[in-house]
Protein chains: 2
Amino acid sequence: MAAARTTRRNGRRDALLQAAAEVFFEQGYAATSIDAIIERAGGSKRNIYNEFGNKEGLFSAIVRESADNLLSPLVIEEIEGHDLRATLTAFGRHSMDAYMSPTLIGIYRIAVTEANRFPDLVKSFYEQGPGRTAVRLAEVLEAARERGEIQADDCLRLAGHFVGMTRDNLHLQVVLGLRPPPSDEEAREAVASAVEIFLNGVRRSRK
Amino acid sequence: MAAARTTRRNGRRDALLQAAAEVFFEQGYAATSIDAIIERAGGSKRNIYNEFGNKEGLFSAIVRESADNLLSPLVIEEIEGHDLRATLTAFGRHSMDAYMSPTLIGIYRIAVTEANRFPDLVKSFYEQGPGRTAVRLAEVLEAARERGEIQADDCLRLAGHFVGMTRDNLHLQVVLGLRPPPSDEEAREAVASAVEIFLNGVRRSRK
DNA sequence: CGTTTATGGTAATGGTCGTTACCAGTCAAG
DNA sequence: CTTGACTGGTAACGACCATTACCATAAACG
């Protein structure tokens, strides 16, 4: 079958992608050399150039596939059928887990740095990740508003406030390498605190 | 006097620093060449090596001095003598202005990328900037708690929530180059909204 | 004025890196 | 078995770059 060759080829491709992702996320785009990737993945540089064309092609493939794998599960959550507090808590925990995962920290770092070099990639990263999360959360808030549970005039802005509150300085410190990702315990506390403030803040009068 | 030489030298030094900052913030550390800096600043590479030793020295000087200039005014604000809403609003506006300024966006970008290469620099950036801001705000909240205006158990965490709320997805979008910094109008709205939620959220029961 | 010191410009040195070429081995397909 | 594609390894080519050297000029100081 052709499947055998295809399978082997895909295995190689995945190994290359994974090794390259590690090095890129660790060192940044400019500081990463093809040799360093091959050193980690084994094989020869020809593999990379046959499969991805050049360094940019390899990098684009990484960002696209990693973002897909990591960000998709962020959105398809069970959000209906619970009250707002439970929904927000679940939302906060999931996004906290995602944002703090080493891979997403890596992608975040590189997206920030290479914003000028790869504007399209960065745009799609944002839209599939933080952007989509905020839009989804805004829908939840909108529904709550229609049920009269909260008062709000701009649900998308509110959603932004909420995710900002959960990201917090914690995310910044982790991104800067100043502290390790929070334990489950810490994450739960931080989310609980954010949910509490947000719920109270939103239930009352909007000036 | 020696002042003449010193003055001239300092002028040269500042010109180099400014040009280098522009290029570094635009392109990142690894992708910035000494030639590119000289092209923008004029003169010769000897200037840089005489003044800063090497590329790392130049970069360190930039981060140190830019951070100092930009972050110091963030802390010494008139915060007493007003009620909490006014204080928070002032705080939010000032930190929003600072975080969204092109220079600080540049520093932020490069701090995120070069966290591995320059851990000490990144640490001092955080402590002098976001860290100190949060600590200062926590003191304000602590005072408000003692006056009985708010209920809280961990003021530093609350401070983090507040700055996170003002930073928000807005900051992320600007850092990623997906939108320009907000106008004064937008900034004011965002801060007002965050203050409102935060105040209401914090005034009521902490479960 | 004479000496030191910084400056501008250009080129050399040594190294790294992206990319391509070459060669020898492997393995699936007809 | 033979063909053709893919692989591993090493080396080559060009380009770029950090750093140093060299030289000629101009400013600053005694």
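None of these values were measured; they are calculated from a predicted model. So you know, we letter chains A, B, ... as the sequences are listed, proteins then strands, and number each from 1.
- Between the P atom of C:dG8 and the CD atom of B:Glu51 lies a distance of 13 Å, rounded to the nearest Å.
- You'll find that the side chain of B:Ser44 is closest to C:dG9, out of D:dA12, C:dG9, D:dA18.
- Atom pair B:Ile38:CD1 and C:dT7:P shows a separation of 11 Å (rounding to whole Å applied).
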Less than 3.5 Å apart, which donor and acceptor atoms pair up between the side chains of residues 168-176 of chain B and the rest of the protein, not counting sequence neighbours?
from	atom 1	to	atom 2	distance (Å)
B:Asp168	OD2	A:His161	N	3.2
B:Asp168	OD2	A:His161	ND1	3.1
B:Asn169	OD1	A:Arg167	NH2	3.0

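- Between the OH atom of B:Tyr49 and the C1' atom of D:dC22 there is a distance of 17 Å, rounded to whole Å.
- Taking only side-chain nitrogens and oxygens, B:Arg13 never comes nearer than 4.0 Å to OP1 or OP2 of C:dT7.
- Checking B:Thr32 against A:Asn47, the closest nucleotide of DNA chain D that is more toward the 5' end is the one next to A:Asn47.
- Summarising the local packing, CD of B:Gln18 is surrounded by 12 or fewer heavy atoms from other residues, nucleotides or ligands at distances under 6.0 Å.
- Residue-to-nucleotide proximity on DNA chain D shows that, of A:Gly42 and B:Gly53, the 5′-proximal contact is made by A:Gly42.
- Applying the 3.5 Å distance criterion, the base of D:dT19 shares no donor-acceptor pair with the side chain of B:Lys55.
- Summarising the geometry, the separation between CG on B:Leu58 and P on D:dA18 is reported as 11 Å, rounded to the nearest angstrom.
- Under the 30°/60° scheme for interplanar angles, the aromatic rings of A:Tyr29 and A:Phe24 are found to lie parallel.
- Residues B:Phe91 and B:Thr166 fail the side-chain proximity criterion, which asks for heavy atoms closer than 4.5 Å.
- Remark: P of C:dT4 and CG of B:Asn50 are 17 Å apart, rounded to the nearest angstrom.
- Between the CD1 atom of B:Ile48 and the C1' atom of D:dT20 there is a distance of 14 Å, rounded to whole Å.
- In terms of position along DNA chain C, the nucleotide closest to B:Arg46 lies nearer the 5' end than the nucleotide closest to the other residue of the pair B:Arg46 and A:Ile34.
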